[in-house]
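Here is the structure we will look at, set down as structure tokens.
Reckoned from all heavy atoms, side chains included, excluding hydrogens, waters and symmetry mates. The chains referred to below are lettered A, B, ... by the order of the sequence lines, with proteins before strands, and numbering in each begins at 1.
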2 protein chains.
Amino acid sequence: MSHTLGARQAQKQKTRQALLDAALRLLEHQSLSSLGLREVTREVGVAPAAFYRHFRDMADLGVALVEESFGSLHAMVRDIRDEQAETDEVIRRTVEVIARYVRQHRTHFRFLARERHGGVARVREAIAVEFQRFAEELASDLADQPESDGWAPEDVRMLADLYVNLMVMTATAFMEAPPDEPEVERQIANAARRQLLLINLGRRHWNRG
Amino acid sequence: MSHTLGARQAQKQKTRQALLDAALRLLEHQSLSSLGLREVTREVGVAPAAFYRHFRDMADLGVALVEESFGSLHAMVRDIRDEQAETDEVIRRTVEVIARYVRQHRTHFRFLARERHGGVARVREAIAVEFQRFAEELASDLADQPESDGWAPEDVRMLADLYVNLMVMTATAFMEAPPDEPEVERQIANAARRQLLLINLGRRHWNRG
DNA sequence: CTCGTGGGCGAACGACTGTTTACCGAATGA
DNA sequence: TCATTCGGTAAACAGTCGTTCGCCCACGAG
């Protein structure tokens with residue numbers, strides 16, 4: 001069982017988490033491929049050799065960070081999906097949730113944006129897989145909606161990809177905005193809402209316009 | 001004058017270009033922040049100290065690569081903008097031009113995608129400036145079209161951002177596709193065309209839907 | 001023809017890197 | 001209680017790195 005793990009494994013996972021946290025902190029101002037093993041252990045305060053007790057190399061740690069990042073991201077979309085309301089209200093809430101998520105998990109999202117096309121192949125592939133699963137889930141949700149009646153499955157998937165990309169684009173814009181400027185955030189949110197609105201308009205007129 | 005530069009400066013620009021080419025070649029499998037000065041000079045076949053005759057540091061070389069990359073990218077949009085035809089034909093040609101551009105300048109575009117959110121601040125900022133100029137030009141073009149009658153300037157800019165983002169997304173998909181699989185490329189092109197179509201649909205119904 | 005400019009070279013520097021080794025000592029299970 | 005497992009340590013290894021320093025010598029201006 002796992003709910004009562006010994007003090008031994010507890011301490012191990014504690015330093016493992018410390019390594020992940022330190023790495024994420026350092027990755028705020030550099031990319032994974034330039035982040036050194038010694039740099040991370042120095043930040044935590046452990047010997048360099050201790051690193052190997054938890055990860056094979058830095059790419060391994062990177063993949064672990066991908067899982068961690070997508071964990072909180074899935075929580076975000078669950079928030080969005082569970083909302084049930086009028087279309088305009090759904091849009092408003094969606095953008096709001098994205099903004100809040102980015103504010104609360106800035107480092108996680110910056111890591112994903114930076115390493116999505118970054119220099120470490122294994123991490124790149126891990127992120128690609130997760131985003132793909134993401135789009136598939138959204139496509140499955142969209143297919144169940146009455147607005148998708150008569151839509152070809154490939155068109156639903158196309159729409160899902162469009163939504164995912166818009167979400168990434170919006171989150172990236174929030175991420176790059178200075179954290180202490182609510183006016184900039186309001187502008188980004190406004191543009192995102194209108195873009196969602198325009199896409200929904202196109203969606204309603206897709207078959208027979 | 002510049003059309004008759006001595007053999008002295010000619011040789012200098014030749015090695016400078018060799019450094020840029022070598023860097024771009026090496027950046028195919030790593031990111032700028034992990035690319036070493038010695039690595040580049042070794043690839044070219046010159047002494048490490050020679051690097052300083054052309055660039056202050058690697059970030060300097062990075063912004064030079066940004067300018068080079070956007071040079072050919074501007075040529076691409078000029079190709080697209082000069083096309084004048086029916087809407088569906090414009091869409092078809094647009095996606096085709098993007099595909100061809102990515103095929104011919106794969107390394108340049110991969111560099112932009114990788115460093116857009118990468119670990120080198122100066123390069124990131126240079127790319128952001130160029131993309132912003134990009135969206136502004138497109139917005140100015142869109143405003144002149146009859147379809148934009150009665151549109152608020154901020155809505156036109158919103159639409160331009162949507163188009164730019166879709167272009168980047170499509171080009172990235174082409175870039176990540178294996179170069180010798182025309183079937184995958186056809187699928188990407190097909191999805192991109194339908195996404196453009198859907199956005200155009202929303203655009204037509206923007207005021208009074 | 002002569003002389004100064006400047007691109008490229010080789011060598012050296014101190015600092016830092018990833019990885020391996022043997023070892024310590026506390027938590028663990030019998 | 002005793003033997004064992006194992007997370008963490010210190011030290012050393014061979015490389016690589018960015019940067020600086022004279023020096024060379026082909027080129028270009030006078």
Heavy atoms from C-beta onward define the side chain here; which of C:dC9, D:dT5, C:dG7 lies closest to that of A:Arg8?
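Taking heavy atoms from C-beta onward, the closest nucleotide is D:dT5.
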Proximal nucleotide (of D:dC17, C:dC9, D:dG7) relative to the B:Ala50 side chain:
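Closest nucleotide to the B:Ala50 side chain: C:dC9.
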Side chains of [X] and [Y], heavy atoms from C-beta outward: is any pair under 4.5 Å?
X: B:Arg110; Y: B:Leu27; answer: no
X: A:Val44; Y: A:Phe51; answer: no
X: A:Leu198; Y: B:Met158; answer: yes
X: A:Arg194; Y: B:Glu154; answer: yes

Taking [atom1] from [X] and [atom2] from [N], how many angstroms apart are they, rounded to a whole number?
X: B:Phe51; N: C:dG10; atom1: CZ; atom2: P; result: 19 Å
X: B:Arg42; N: D:dG15; atom1: CZ; atom2: P; result: 14 Å
X: A:Leu61; N: C:dG18; atom1: CG; atom2: C1'; result: 15 Å
X: A:Asp60; N: C:dG18; atom1: CG; atom2: P; result: 15 Å
X: A:Gln11; N: C:dG25; atom1: CD; atom2: P; result: 17 Å
X: B:His54; N: C:dG6; atom1: NE2; atom2: P; result: 14 Å

Under 3.5 Å, N/O pairs linking protein and nucleotides 18-23 of chain D:
unit_1, atom_1, unit_2, atom_2, d
D:dG18, OP1, B:Leu37, N, 2.6
D:dG18, OP2, B:Leu37, N, 3.2
D:dG18, OP2, B:Arg38, N, 3.0
D:dG18, N7, B:Arg38, NH1, 2.4
D:dG18, O6, B:Arg38, NH1, 2.8
D:dT19, OP2, B:Tyr52, OH, 2.8
D:dT19, O5', B:Tyr52, OH, 3.2
D:dT19, O4, B:Arg38, NH1, 3.3

Mind checking ring pair (Phe, Tyr, Trp, His ring centres under 6.0 Å) for B:His108 and listing every partner two or more places apart, or none if nothing turns up?
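Listed in chain order: nothing, the list is empty.
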Which residues pass the side-chain hydrogen bond (donor to acceptor under 3.5 Å, both in side chains) test with B:Arg16, not counting sequence neighbours?
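With sequence neighbours excluded, B:Arg16 shows a side-chain hydrogen bond (donor to acceptor under 3.5 Å, both in side chains) to no residue whatsoever.
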With sequence neighbours excluded, tell me which residues meet side-chain hydrogen bond (donor to acceptor under 3.5 Å, both in side chains) with B:Ser148.
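Per chain and number, B:Ser148 pairs via side-chain hydrogen bond (donor to acceptor under 3.5 Å, both in side chains) with B:Arg203.
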Could you check A:Asp21 against A:Gln17 for side-chain hydrogen bond (donor to acceptor under 3.5 Å, both in side chains), going step by step and ending with a plain yes or no?
CA-CA 6 Å; A:Asp21 292 348; A:Gln17 191 58 47; 3.0 Å; yes
If you take any heavy atom closer than 4.0 Å to DNA chain C, which residues from residues 15-34 of chain A end up in contact?
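Residues of residues 15-34 of chain A under 4.0 Å from DNA chain C: none.
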Once side-chain hydrogen bond (donor to acceptor under 3.5 Å, both in side chains) is applied, what residue pairs with a partner in residues 46-59 of chain B remain, sequence neighbours excluded?
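Pairs touching residues 46-59 of chain B that pass the test: B:Thr15-B:His54.
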